[in-house]
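Read through the structure below, which is laid out as structure tokens, and then see the notes.
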Amino acid sequence: VWFLVLYGFFLAKTQWKSKKITFYFFWLFIFFLSIVIVKGGNIPFSDFTMYLYQNFSFLKLYRSPQHLMLFPAFIIPMIISFSYVSYLKNLRAGKYILLLIIPIWLGAWIINGDLGRETLSQQNRDHVDLFKLSPDLERVYKKDEDSSKDYRIIFLPAVQSPRFLNTEYQRKGQGNMPEYLYLKHPTFTSEYSLFADMFEYSMCANRNVNIPAYLALFAVQEIYVRKDILPEFSRCRTTFGHELITRRLDQDKKILKTFSGPLVTAYRLSDRDVLPIIFAPASTQVTEAQVKNLPLLVSDKTYSFSKSFYFTRQNVSKDLKKLSALNLKVRQKPLVKFKKINPTKYQISISNVRSPFPLIFSSTYDSQWRLHEPEAGSKSSGPLKFSFSQSLIAENEHYIANGYANSWIIDPEKLCRHAINCERDLQGNYSFEMILEHNQQNYLLLGIYISLSALIFLAVTSASKRSTQ
């Protein structure tokens with residue numbers, strides 16, 4: 001690094017008027033900037049580096065700074081090759097200077113006599129770790145694949161990057177759980193989710209929390225306590241206890257233990273204690289409390305099952321007056337049924353409703369989730385169909401519920417004035433259908449069709465030219 005700096009100043013002195021020196025110093029600056037980023041919390045500027053990771057959205061994608069090591073690793077050889085081609089190659093002694101740099105660069109390995117194997121062996125690190133799924137974990141993943149129901153699961157500790165304990169299936173060390181990203185029933189972890197972090201901390205700190213009520217808001221039905229890992233990057237790093245967690249879950253009558261193995265203990269909430277992904281809450285509450293108080297709100301004695309919360313700080317630009325006009329309780333609870341067409345599209349059927357009510361979709365809030373009418377002449381929608389239909393609900397009536405979920409106010413009378421699949425019985429109850437879809441998926445499908453059309457056109461054109469020749 002210091003050699004690159006000194007060489008840069010040498011070029012600045014001899015080639016100041018050259019445009020190439022600007023190119024060199026630009027990439028040298030990018031190199032130093034990347035070093036600051038990839039070093040993580042190590043000195044110097046450790047606080048500044050961690051500030052970048054906590055406050056810039058792009059860097060939040062990378063929990064581990066070493067994932068960005070790609071940048072300096074490519075910049076160094078690029079600067080060296082550029083320097084040689086631009087300057088050293090024109091010098092008579094350029095080749096000899098380059099030959100001198102190479103042994104200096106490799107000096108550490110030459111002095112040690114190897115590429116680090118002996119050093120690693122002395123530290124007892126010269127080995128290959130073989131990881132194997134335990135029978136308990138295989139049982140969990142198999143159940144996840146076999147179940148056709150739509151729900152979420154949560155592991156305790158709720159971490160993506162745990163500290164692995166020494167078992168017959170793994171060595172002690174810190175690593176990652178990539179399989180969590182590919183589960184059929186999604187989970188959420190404390191590194192990426194405030195709500196998983198709050199739940200995990202409430203459990204390991206032994207706080208009084210209504211566990212079934214809290215998990216119901218996230219459609220969680222399966223709970224797995226793992227005894228082969230510990231949290232490494234969460235608030236429970238030094239306080240997590242497997243026996244404490246299982247004891248608390250055993251004491252709750254609404255939580256059923258399904259199996260207990262040497263490394264995993266499994267629990268399950270009954271169907272009546274789990275809210276579906278899409279539902280109409282029994283009651284609503286607009287509150288000025290902070291989102292971090294959600295575990296306390298659901299643990300209050302006045303809380304009723306499926307009651308949902310709307311935090312004013314998250315819905316500043318929304319029409320909260322209209323939401324409050326629902327008088328907290330829905331007089332007649334609608335019957336909501338839905339069919340998952342694909343991860344970005346749901347078909348919703350609503351019946352037994354007369355007055356406006358809130359509808360909640362328990363997925364992370366995104367303004368691109370839209371409610372629109374089904375395709376004309378069809379009561380279903382295929383997975384490869386796309387439609388740029390206008391949203392049935394205004395944007396200021398698309399709320400954030402329970403701190404994370406999507407929510408809309410559904411006015412059946414207003415929607416049925418121009419809805420295709422809408423009926424009203426003699427008692428005045430409405431029945432109608434809607435499509436819930438992520439709008440950006442339409443652009444993806446449109447791009448796929450355009451690409452396929454272009455490919456077919458090129459194939460036909462090429463074939464016609466060959467036949468002509």
Side-chain angles (χ1 to χ4, degrees), residues 53-55 60 63 151-163 177 180 185-226 229-242 244-249 251-252 254-255 267 269 273-275 277 281 284-315 360-365 399-407:
Y53 275 88
Q54 294 170 2
N55 292 277
K60 287 182 179 179
R63 187 201 62 77
Y151 59 83
R152 291 191 178 94
I153 63 179
I154 188 168
F155 293 91
L156 290 172
V159 291
Q160 177 76 32
S161 299
R163 183 166 76 252
M177 301 295 302
Y180 282 7
H185 299 85
T187 185
F188 52 115
T189 58
S190 58
E191 293 101 334
Y192 304 104
S193 170
L194 169 66
F195 305 100
D197 177 68
M198 290 191 299
F199 178 68
E200 181 188 68
Y201 184 71
S202 298
M203 296 295 290
C204 67
N206 202 20
R207 292 188 173 182
N208 186 21
V209 176
N210 188 336
I211 299 174
Y214 183 80
L215 295 180
L217 295 180
F218 304 93
V220 173
Q221 187 164 22
E222 303 284 348
I223 309 169
Y224 300 106
V225 182
R226 295 188 56 178
I229 61 174
L230 284 174
E232 180 70 14
F233 301 103
S234 73
R235 291 186 291 173
C236 293
R237 184 179 186 275
T238 59
T239 58
F240 191 90
H242 301 98
L244 173 64
I245 303 298
T246 54
R247 193 183 310 121
R248 287 198 61 185
L249 295 174
Q251 293 173 352
D252 198 309
K254 292 186 177 181
I255 302 177
Y267 296 88
L269 296 175
D273 293 322
V274 178
L275 290 170
I277 297 294
T284 60
Q285 179 180 340
V286 178
T287 175
E288 296 183 358
Q290 296 183 1
V291 178
K292 64 181 182 181
N293 292 327
L294 183 61
L296 299 178
L297 293 174
V298 299
S299 302
D300 189 88
K301 294 182 179 180
T302 60
Y303 177 79
S304 57
F305 181 71
S306 85
K307 179 180 181 179
S308 296
F309 300 92
Y310 296 81
F311 298 93
T312 55
R313 299 182 185 183
Q314 291 184 322
N315 296 280
I360 292 180
F361 173 47
S362 295
S363 180
T364 303
Y365 176 86
Y399 304 91
I400 302 178
N402 299 325
Y404 79 102
N406 297 268
S407 179

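A donor-acceptor pair under 3.5 Å links the side-chain atoms of Glu191 to the main chain of Gln160, judged by distance alone. A distance-only check finds no donor-acceptor pair linking the side chain of Ser304 to the backbone of Lys307 [under 3.5 Å]. Listed for the Ser308 side chain is no donor-acceptor partner under 3.5 Å among the backbone atoms of Thr284. Proximity of a side-chain donor or acceptor of Asn406 to a complementary backbone N or O of Thr364 within less than 3.5 Å is detected. A side-chain donor-acceptor contact under 3.5 Å links Ser299 to the backbone of Asn210.
Here the options are Ile360, Val298, Leu297, the test is side chain to side chain contact (heavy atoms under 4.5 Å, CB included), and the partner is Leu217; only Val298 passes.
For the atom pair Ser362 OG and Asn402 CG, the distance stands at 7.0 Å (nearest 0.5 Å). Within the model, atoms CD of Gln221 and CD1 of Ile223 stand 10.0 Å from one another, a figure rounded to the nearest 0.5 Å. The structure places OG1 of Thr302 at 7.0 Å from CD of Gln285, a figure rounded to the nearest 0.5 Å. Going from atom CD1 of Ile255 over to atom CD1 of Ile211 covers 4.5 Å, rounded to the nearest 0.5 Å. One distance of note links OH of Tyr180 with OG1 of Thr189; it measures 9.0 Å at 0.5 Å rounding.
Nearest heavy atoms, Thr287 versus Ala289: OG1-N, 3.0 Å. Between Leu269 and Lys254 the shortest heavy-atom distance is CD2-O, 3.7 Å. Listed here is the closest heavy atom pair of Asp273 and Ala216: O-CB, 3.6 Å. Nearest approach of Met198 to Val291, heavy atoms of both residues: CE-O, 4.0 Å. When all heavy atoms are compared, the tightest approach of Gly403 to Ile400 is C-CG2, 3.8 Å. Heavy-atom minimum distance, Cys204 versus Ile245: N-CD1, 3.9 Å.
Here the side chains of Leu156 and Phe199 are in contact, with some heavy-atom distance below 4.5 Å. The shortest distance between side-chain heavy atoms of Met177 and Pro162 falls below 4.5 Å. Pro157 has its side chain out of reach of Leu230: every pair of non-hydrogen atoms, C-beta onward, lies at least 4.5 Å apart. The side-chain heavy atoms of Gln290 and Phe311, taken from C-beta on, include no pair separated by under 4.5 Å. For the pair Tyr201 and Arg207, the minimum side-chain heavy-atom distance is below 4.5 Å. In this structure, the side chains of Asp197 and Arg235 come closer than 4.5 Å at one or more pairs of heavy atoms.
Taking the six-membered ring where the residue is Trp, His242 and Phe240 present perpendicular rings, their angle passing 60° and hence far from 30°.
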Does the side chain to side chain contact (heavy atoms under 4.5 Å, CB included) test come out yes or no for Phe309 and Tyr303, once each step is laid out? CA-CA 11 Å; Phe309 300 92; Tyr303 177 79; 3.7 Å; yes
Are Arg248 and Asn206 close enough, and set up right, to give a side chain to side chain contact (heavy atoms under 4.5 Å, CB included), and what steps lead you there? CA-CA 8 Å; Arg248 287 198 61 185; Asn206 202 20; 3.2 Å; yes
Just do the side chain to side chain contact (heavy atoms under 4.5 Å, CB included) check on Glu222 and Tyr151 with the steps written out, would you? CA-CA 8 Å; Glu222 303 284 348; Tyr151 59 83; 3.4 Å; yes
Before you tell me yes or no, could you show the steps for Tyr224 and Ile154 under side chain to side chain contact (heavy atoms under 4.5 Å, CB included), namely the whole-Å CA-CA distance, both residues' side-chain angles and the distance that decides it to 0.1 Å? CA-CA 6 Å; Tyr224 300 106; Ile154 188 168; over 6 Å; no
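Counting only N and O atoms by type, the side chains of Glu200 and Ser234 include a donor and acceptor under 3.5 Å apart. Looking only at atom types and distance, the side chain of Ser407 has a donor-acceptor partner in the side chain of Tyr310 under 3.5 Å away.
Centroid-to-centroid, the aromatic rings of Tyr404 and Tyr365 stay 6.0 Å apart or farther. Aromatic ring centres of Phe218 and Phe195 lie closer together than 6.0 Å.
The number of heavy atoms from other shown groups lying within 6.0 Å of CG (Asp300) is above 12.
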